Amino acid sequence: MGLLERLRKEWFIVGIVLVIAVARLEPAVGVKGGPLKPEITITYIAVSAIFFNSGLSLKTEELTSALMHVKLHLFVQIFTLVFFPTAIWLFLQLLSITPINEWLLKGLQTVGCMPPPVSSAVILTKAVGGNEAAAIFNSAFGSFLLGSSSSVPFTSIFSQLFMTVVVPLIIGQIVRRYIKDWLERKKPPFGTISSCVLLMIIYTTFCDTFANPNIDLDKFSLILIVFIIFSVQMSFMFLTFLFSTRNNSSFTPADTVAIIFCSTHKSLTLGIPMLKIVFMGYEHLSLISVPLLIYHPAQILLGSLLVPTIKSWMVSRQKALKLTRQPKAPVKV
C-alpha cells in the first residue's frame, strides 16, 4: 500500500494530528469568544447538525427499538452514575497517600460524578457504526438526569438539550420520510460528515485547552494527572468491553460500542457550571477544574484514535456471529 493510499485510508487520524497542531500554534482562533465563535458554532450549530444527521440516517424503528432496550440503558446509567464515581473514590484513597495535590484529587472525584456528554459519545459511536440510537438516548438522558438533580439551572439545561438534540433529531426524522428512497439509493456518507464535525470539536476543544491559564501546573503534576486520566479512561473502556461481551450479556457488538463510549465519557458543558456552583468561593477552584479540563480533550482524542480498532473488532465480531447463526448443511449419508 502506497503512502498516499495509506494517508487516504487513515485520513481521520491524520486530521486529528493536524487540528491539534493548528490549535497549538494559534489557540486564540478557536477559543470561546474567538473568531470561530465555538460557543455558537460548536455548542449549537455543530451539535444540532450531528443530531439532524442522526435523524436523517436512523430508521424510525431503530430509534423505537433503542428506547425499549432497558437493559442497555440500565447498564450505562449504573456504570456512569454509580460504579464510575465509586471506583474513582476507592482509587483516590490510594492516591491520597502520595504527594499529589489534594485539590487535583478532589477534581478527579468530581470528574467521576459527571454525566456523559451529548456530542462526542454519539459521534464516536456513529463513526464506528455502533448502536447510535442507544448512544443518543443515554447521552441525553444522563445529562438530563444529573442536571435536574443538581444545583445547575434545570430550565437552561433542558432547553439547550431540547433545542440541540431533540428538535434536530425530530426534524431529521421528518425530512427522512420524504427523501427515504433517495437516501437508500444514494447512501450519503453520514459517518464521514460526523467525523468532520468531530474534527471541528477536537480543534476548538484543544484551542481552549492550550489557551486555558488554569492548566498552569508544574510539569510533574501535569504529566502525572494526564497519565492517571488516560489510565482511568483505558481501564474503564476495557471494563465496559469485558462486561458487555460476556456470554450471558445479550448485547450485540453494536450495543457494546455505544456502551464503551457512553459509559466512560464525561460532560464538560455541564461539568464546569456544576463545579462553579458547588465550589463557589473556593480559592482552589482552578485546580479542582484541571482534571475535567484535561479529561474532556483526552476522551475525544483517545476515542478517536481507537475508532479504527473498535470498528475492526465490531465488523469481525458481527461476521462471526452471522456465521454461527447460519443453519448447518445437512450431512449426507
Side-chain angles (χ1 to χ4, degrees), residues 1 6 8-13 50-51 53-77 79 116 120-139 169 172-173 176 180 183-198 233-234 236-265 299-300 302-329:
M1 184 184 291
R6 183 71 180 177
R8 189 181 294 114
K9 185 179 179 181
E10 304 292 346
W11 71 271
F12 185 60
I13 303 298
I50 291 165
F51 288 99
N53 187 20
S54 296
L56 272 181
S57 60
L58 282 171
K59 296 177 181 177
T60 304
E61 53 268 28
E62 289 178 349
L63 281 172
T64 306
S65 176
L67 290 175
M68 304 303 294
H69 204 335
V70 178
K71 185 177 179 180
L72 189 153
H73 306 326
L74 284 174
F75 182 101
V76 171
Q77 298 306 323
F79 191 96
S120 62
V122 174
I123 297 175
L124 290 167
T125 300
K126 186 180 185 69
V128 173
N131 191 336
E132 182 187 353
I136 291 171
F137 176 84
N138 281 283
S139 294
L169 191 66
Q173 284 281 285
R176 178 181 171 82
K180 182 179 178 181
L183 289 172
E184 292 179 353
R185 188 171 64 254
K186 295 294 184 180
K187 298 187 183 302
F190 291 114
T192 302
I193 294 170
S194 292
S195 295
C196 291
V197 175
L198 180 57
Q233 289 184 18
M234 286 295 294
F236 284 180
M237 290 178 81
F238 184 64
L239 273 178
T240 54
F241 176 79
L242 286 181
F243 290 155
S244 61
T245 54
R246 291 177 304 168
N247 291 331
N248 61 345
S249 69
S250 73
F251 293 127
T252 66
D255 292 339
T256 295
V257 173
I259 287 170
I260 287 172
F261 291 124
C262 291
S263 300
T264 58
H265 280 210
Q299 72 189 7
I300 295 175
L302 182 60
S304 301
L305 291 173
L306 288 175
V307 162
T309 303
I310 297 175
K311 186 172 185 177
S312 177
W313 168 82
M314 188 191 75
V315 172
S316 62
R317 182 64 177 159
Q318 287 175 331
K319 287 180 180 178
L321 289 173
K322 190 175 181 180
L323 288 173
T324 57
R325 290 169 184 167
Q326 287 180 350
K328 295 181 179 179

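Numbering starts at 1 and runs along the sequence shown. Predicted model only: the values in this text are computed from it and were never measured.
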Checklist line | Asn53 (side chain) donor-acceptor with Phe190 (main chain) under 3.5 angstrom | finding: yes
Next item on the list: Side-chain contact test, heavy atoms from C-beta onward, threshold under 4.5 Å: evaluate it for Phe241 versus Ser263 and give yes or no.
Entry: no
Next item on the list: Rounded to the nearest 0.5 Å, what's the gap from CZ on Phe51 to CD1 on Ile123? Could you check?
Entry: 8.0 Å
Notebook entry, point to check: Do other residues, nucleotides or ligands put more than 12 heavy atoms under 6.0 Å from the CZ atom of Arg176?
Noted result: yes
Next item on the list: Indicate the atoms forming the closest heavy-atom contact of Ala134 with Leu72, along with that distance.
Entry: CB-CD2, 3.9 Å
Item checked: Under 3.5 Å: donor-acceptor pair, side chain of Lys71, backbone of Phe251 -> no
Item checked: Residues in ring pair (Phe, Tyr, Trp, His ring centres under 6.0 Å) contact with Phe79, at least two apart in sequence or another chain -> Phe83, Phe236
Notebook entry, point to check: Would you call Arg317 and Thr245 a side-chain contact if the rule is heavy atoms closer than 4.5 Å?
Noted result: no
Note to self: What I want to check is whether the side chains of Gln299 and Thr264 have a donor and an acceptor closer together than 3.5 Å.
What the structure shows: no
Next item on the list: Apply the test side chain to side chain contact (heavy atoms under 4.5 Å, CB included) to residues Leu306 and Leu124: give CA-CA distance (whole Å), side-chain angles for both, the deciding distance (0.1 Å), then the verdict.
Entry: CA-CA 9 Å; Leu306 288 175; Leu124 290 167; over 6 Å; no
Next item on the list: Starting at OG of Ser57, measure out to NZ of Lys187 and round the result to the nearest 0.5 Å.
Entry: 12.0 Å
Check: CD1 of Ile136 to OG1 of Thr125: how many Å apart, nearest 0.5 Å?
Finding: 9.0 Å
Note to self: Can you tell me how the ring of Phe137 sits relative to the ring of His73, calling it parallel under 30°, perpendicular over 60° and tilted otherwise?
What the structure shows: tilted
Check: Got a donor-acceptor contact below 3.5 angstrom from the Gln318 side chain to the Thr252 backbone?
Finding: no
Notebook entry, point to check: Sub-3.5 Å donor-acceptor pair from the side chain of Thr240 to the main-chain atoms of Met237, do we have one?
Noted result: yes
Note to self: Tell me whether the rings of Phe243 and Phe75 are parallel (<30°), tilted (30 to 60°) or perpendicular (>60°).
What the structure shows: perpendicular
Notebook entry, point to check: Taking atom CE of Met314 and atom CG of Asn131, what is their separation to the nearest 0.5 Å?
Noted result: 10.0 Å
Checklist line | Close side-chain approach of Trp313 and Pro253, heavy atoms under 4.5 Å | finding: yes
Checklist line | Closest non-hydrogen atom pair between Ser244 and Ser249, with its separation | finding: O-OG, 2.9 Å
Next item on the list: Measure the CG-OG1 distance between Leu58 and Thr64 for me, rounded to the nearest 0.5 Å.
Entry: 10.5 Å
Checklist line | Value rounded to 0.5 Å, distance of CG in Leu183 from NZ in Lys59 | finding: 11.5 Å
